[in-house]
Amino acid sequence: MNWFKYSSPATFYPLAGKMAPWFFAAAALSAVPGLYISFFVAPTDFQQGESYRIIFIHVPAAWMSMFIYVVMAFWAGVGLAFNTRLSSMMASALAPTGALMTFIALWTGSLWGKPTWGAWWVWDARLTSELILLFLYFGFMALQAAIDDPRRADKAGAVLALLGVVNVPIIYFSVQWWNTLHQGASVSLTRSPTMAATMLAGMLIMALAFWMYSIAASLLRVRSIILERERAADWVREWREAAR
Amino acid sequence: MLEARELEATRGSATLFRGIGFALRPGALLRVTGANGSGKTSLLRVLCGLAAPSAGEVRWNGTDVRALREDYWKQLAYVGHANALKDELTAAENLEIACALAGLDAAPARVQAAIARFGLAGRERLPVKLLSQGQRRRAALARLALSEALPLWILDEPFSALDADAVERVQSAAGEHLARGGMIVLTTHQEARIEARSATDINLGDGRTEARPSH
Amino acid sequence: MLEARELEATRGSATLFRGIGFALRPGALLRVTGANGSGKTSLLRVLCGLAAPSAGEVRWNGTDVRALREDYWKQLAYVGHANALKDELTAAENLEIACALAGLDAAPARVQAAIARFGLAGRERLPVKLLSQGQRRRAALARLALSEALPLWILDEPFSALDADAVERVQSAAGEHLARGGMIVLTTHQEARIEARSATDINLGDGRTEARPSH
Amino acid sequence: MLAALRTVIRRDLLLAMRNKSDAANTLLFFVIVSSLFPLGVGPEPALLRTIAPGVVWVAALLASMLALARLFAADYADGTLEQLALAPQPLAAFVAAKILAHWLVSGLPLVLIAPLLGLQFDLSGTALLTLMASLLIGTPVLSLLGAVGAALTLGLRASGVLVPLIVLPLTVPVLVFGAGAVEAASSGLGAQAHLSLLGAFLLISAALSPWAAAVGIRIALE
Amino acid sequence: MLAALRTVIRRDLLLAMRNKSDAANTLLFFVIVSSLFPLGVGPEPALLRTIAPGVVWVAALLASMLALARLFAADYADGTLEQLALAPQPLAAFVAAKILAHWLVSGLPLVLIAPLLGLQFDLSGTALLTLMASLLIGTPVLSLLGAVGAALTLGLRASGVLVPLIVLPLTVPVLVFGAGAVEAASSGLGAQAHLSLLGAFLLISAALSPWAAAVGIRIALE
Amino acid sequence: MKPRHKKMALIAGGLAALGAAAALVLNAFQSNLVFFFSPSQVMANEAPRDRTFRIGGLVEAGSVKRRTDGLTVHFNVTDTAKTIPVVFSGILPDLFREGKGVVAQGKLGSDGVFHATQVLAKHDENYMPPEAAHAVAQAGKAQKTVIVK
Ligand code: HEM
Ligand SMILES: Nc1ncnc2c1ncn2[C@@H]1O[C@H](COP(=O)(O)OP(=O)(O)OP(=O)(O)O)[C@@H](O)[C@H]1O
Ligand SMILES: Nc1ncnc2c1ncn2[C@@H]1O[C@H](COP(=O)(O)OP(=O)(O)OP(=O)(O)O)[C@@H](O)[C@H]1O
Ligand SMILES: [Mg+2]
Ligand SMILES: [Mg+2]
């Protein structure tokens, strides 16, 4: 299979159109059992009671918020270095989903903070760096929106996205480097999880659902970006005419 | 030697020009003509290496200028639509700085001579912002009088805003440069009377392209 | 009728011109010529009432324009060195707004005609910042095609950055304006071939002033 | 004349639409600055609640000042201002129209989002309402005064920093009474006195600023 | 190459001299903003002492951000930046030189005057020294990061508000540790940790920013 | 210098800067950059005097006493090495329990009592059903490691 074939917007457009429904389906298919486990199967927590169930939204969203930023910066960097249009479009398409995930993480986190910590918000390192992540997403989107020439927008956004990557490890390790009010990691690659198996299962399945949703949403968005950017290209015109 | 091969530039969905090619040898002049908006400025920026062409390449002595970068720019004097003058400084100060940045010798006597040559004597003490439109253009072009050592000059509408006297001065400076083996690419809507051993015109017309030698 | 009496302008310690006087009647053209920096722009700004002369006065139908203010400006179309275009808007939007502000009729059809007349057809959807230098100048001048109702046009270097075709268009618009009894004051370094019943030249030379009728 | 004014307003709104980011950015700047303070000052909630009105108001002041600094700059640089000065309507009217358009685009959104920021700082319901009211009356004053500053510094290289410098001293009373209103409300005293003072400022500055700004512009154009 | 850099620095200093107001204004803005807070927040001395480091640092941040937003704007508008991009030296080196000149003109004065402001807020001797030290290390970081923002938004109409938007998130750590240093010092804890973190930021941003800004400029010029 | 050497020098310079930065960061993390201080740090005078700061640790078992007004609470915060008495009047978070983590913000009085203005619960990263927790607690009596299935 020739992968380079799909690095052209014209060929990727229909491919993305075909893949998006599958990812949406995967998201739905994992969200249903995920939510079921989260709310009906997983046991109450010994210290937090029922309120801990926010974890099933909070943690997947928080993970995705960081992951999407890294992926976005990666594609933006590829676009900057190799002048490949499609990768830059991917980066622009990921940003709103990333910002949404960040917002959800912040929002569910502070909803959760009130019953558990006794405060909606504290300025500890984890919370602050996550807030900065949201602003970085906003900065990226605002910068791209302010530039008319899409090629310039791609490149300028890429520089910003790459600079902002330093924030991601800071978010992740903040709970180790500083003593924060936010808890440390319950799930890590180096240790066995400190979480009951059903809870962990629910969380991981929900994470899968969030992941699939993010891919599907970004594919849809990249499609509309492709259409907008390439509206003058022959293939779009032909495609439009065929659709008519 | 400056060569262009199959240059193409697009803006938005429009192709400004396509298949532009030429070879410019020492002592030769290339005049880019064409209607307003035909792509002359865009072509010159591609030749400078400021913008990337959408197809084709520009070579300096056989190497792509986008790869040469600083090594190419060392040889190049570019005067664009904008004058690149600092409003707060005098013409002499502006010249000195521009030359220092381009790595040219900017001894005070030479700067004075350049200023006089472009008819700005008597305005030495004025900051550029007080000069008239045409005087500013003269100050920008005075840099050429200090750029004998740079083989390639690229000039975008050098004559705009100039009066007849100033046009004459620029033409003679250009003629001398060609005579000592320099190369010049320029655009202009006016007629330029520049002494040149060999002169080529490229007419960008309305996006359609034709290159023909005029001598 | 536009009259100037004993106008004098100084900049810093220098006197740009002194004792300039003329009377411009309907259908007449006044060409202000002179070397770069001789004071043409300064004179035009005085004639508009934007700047005050250091001596003398400008009268419109017998009254000082600095006293008339809005009543004078209502009759006046001024195109300066700067194009007065908003980069983000298209040429048509710019025109419409400029006309609405000047109290001119800016029906869409008229605006379209003005744009076509100045050779910008086909660029209607582009914001002005994407246009070339010359296309922008054309967009600024297109205002003239909608200003038939304003008796007095004051144009500072209207031909700068224009190609031959555009110069032709401006000249014909100016000729028509004069033919219907308008008045035009303009500066230019190029030769202007404008049909006029009566044309006067004022040469500001190098600060020394002479006014002589050319017909 | 009204038609011409409507044109100016429509044009400025159109320009803002073309450049959507403009309005959004003022807003975001406002939000970011209000969130910076807790970072610099430290996270004690009681302390934060005390300084909240002041911080939100200072942020509003800075945000509208920034946006204002260049109110006429673009029109000046591209020659449009010259054309406005030569138009058959009084320049002051155009200036007033420009200020109104500017406030609609960048002042009003601040007023609307302020309660959210206040919530973050844990302000009470009345305090929030008062915050909105004080901003609703106060931000137009900021726009009006800022316009004068922008006009006086037209064409100066340093205008970006000069405008705040000229205008901030004039806007101090607005800040004091604006923040004061909120404090009064949240300590249960009633903010009516503060708000009427703000209203007086609004009337005075609405009557004077457009003229002052127009004079400043004519001076810059000479 | 060094000669060319020296030329850029000399030119920018010369321009600043010709336009003395520029440097003075940043400074005055800094002073005014730090004095606004007591007005907005209220005059309680204990409260003021607590918020002093944060306020001074936020003011420094805003002041340098404002001055920076237009770091390359003039050079861009008049075509000088094009010439720099076509000069035989790497653009990043010019950018570094410009940043240095800018910091000398508008960052250093902030550092020097900060103790006076601190005195106003009744800070102790060690705290004042730490304030100066933290600003001395921190303001260059602000200049470096701000330059990237300025380069990325070159020529955009909205750049005045975009720059803070892009740059503030990156500068938040500087603010936190800068103000933190002063607080740590005045509570007798020793600011060494904070200052070394600031030093690390300085090194990293000095290594990366000029390149990023140069890339941004080339993108804008295309 | 040849261009290639120049490039090498630049890269070397950049690496050196990054290395120095890393050293500075490590140096910083060995010192006291914290959201809260432990009782041991407070006792060792590492916490600020005369101003608000946070202490964090576990609520000592059996130390919680409520005053009759129902709002004012006394308890001890311990990190097992050192203990500090805390007084707080206000609403405690639901998860405030003896033996669990807590972060309190306030000032250390001259009497050695920490006057808190805010009390936050700090929980750990363990999530398990109550029965499991019970089992763990039983096991924990025998051996100190926490095992979760
Ligand atoms: C606005 C407040 C909050 C923010 C911004 C926030 C942010 C984050 C982020 C970025 C992560 C992912 C990092 C990682 O995987 O280590 C995360 C993970 C997590 N957060 Fe939060 N959080 C907030 C509040 C809370 C609260 C109140 C709780 C619980 C009481 C909580 C519990 C968790 C848990 C259990 C994880 C998963 C840790 C892991 O296993 O890796 N968070 N949070
Ligand atoms: N996004 C775009 N879509 C379509 N056309 C564009 C776009 N951007 C620029 N253009 C066109 O590209 C051309 C740019 O031309 P350029 O500035 O090179 O012209 P020029 O030959 O130098 O003209 P002049 O003689 O007026 O200086 C213009 O015709 C302009 O209208
Ligand atoms: N402060 C000053 N002191 C001395 N001379 C000054 C001062 N300010 C401006 N000038 C001179 O005044 C003249 C202004 O001329 P103006 O702009 O009117 O010229 P112009 O005839 O329009 O020239 P151009 O053909 O170049 O457009 C210039 O010669 C300028 O050098
Ligand atoms: Mg051109
Ligand atoms: Mg002139």
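In what follows, chains are A, B, ... by sequence order, proteins preceding strands, each numbered from 1.
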Flag if over 12 foreign heavy atoms under 6.0 Å of OH, Y36(A):
no
Residue W117(A) excluded, over 12 heavy atoms near CH2 under 6.0 Å
yes
Looking only at non-hydrogen atoms, find the nearest pair between S186(A) and E125(F) and report the distance.
OG-O, 2.8 Å
For atom CH2 of W211(A), decide whether the heavy atoms of other residues, nucleotides or ligands shown that lie under 6.0 angstrom number more than 12.
no
Check whether any side-chain N or O of D45(A) sits under 3.5 Å from a backbone N or O of Y127(F) as a donor-acceptor pair, and report yes or no.
no
Note: A121(F) and L181(A) closest approach over all heavy atoms is O-CD1, 3.9 Å
How far apart are the closest heavy atoms of P115(A) and D94(F), and which atoms are they?
O-CB, 3.9 Å
Could you tell me which portion of A185(A) (side chain, backbone, both or neither) has an atom closer than 4.5 angstrom to a non-hydrogen atom of chain F?
backbone
Nearest 0.5 angstrom please: L95(F) CG to Q48(A) CD, how far?
5.5 Å
Say whether, by atom type as modelled, one donor and one acceptor occur between the side chain of K122(F) and the main chain of T180(A) under 3.5 angstrom.
yes
Residues, nucleotides or ligands: over 12 heavy atoms within 6.0 Å of R151(A) CZ:
no
Gap between atom CD of Q183(A) and atom NE2 of H123(F) - 0.5 Å precision
5.0 Å
Of the backbone (N, CA, C, O) and the side chain (C-beta and beyond), which part of I55(A) lies under 4.5 Å from a heavy atom of chain F, both, or neither?
side chain
Under 4.5 Å to a heavy atom of chain A? For V102(F) that would be neither
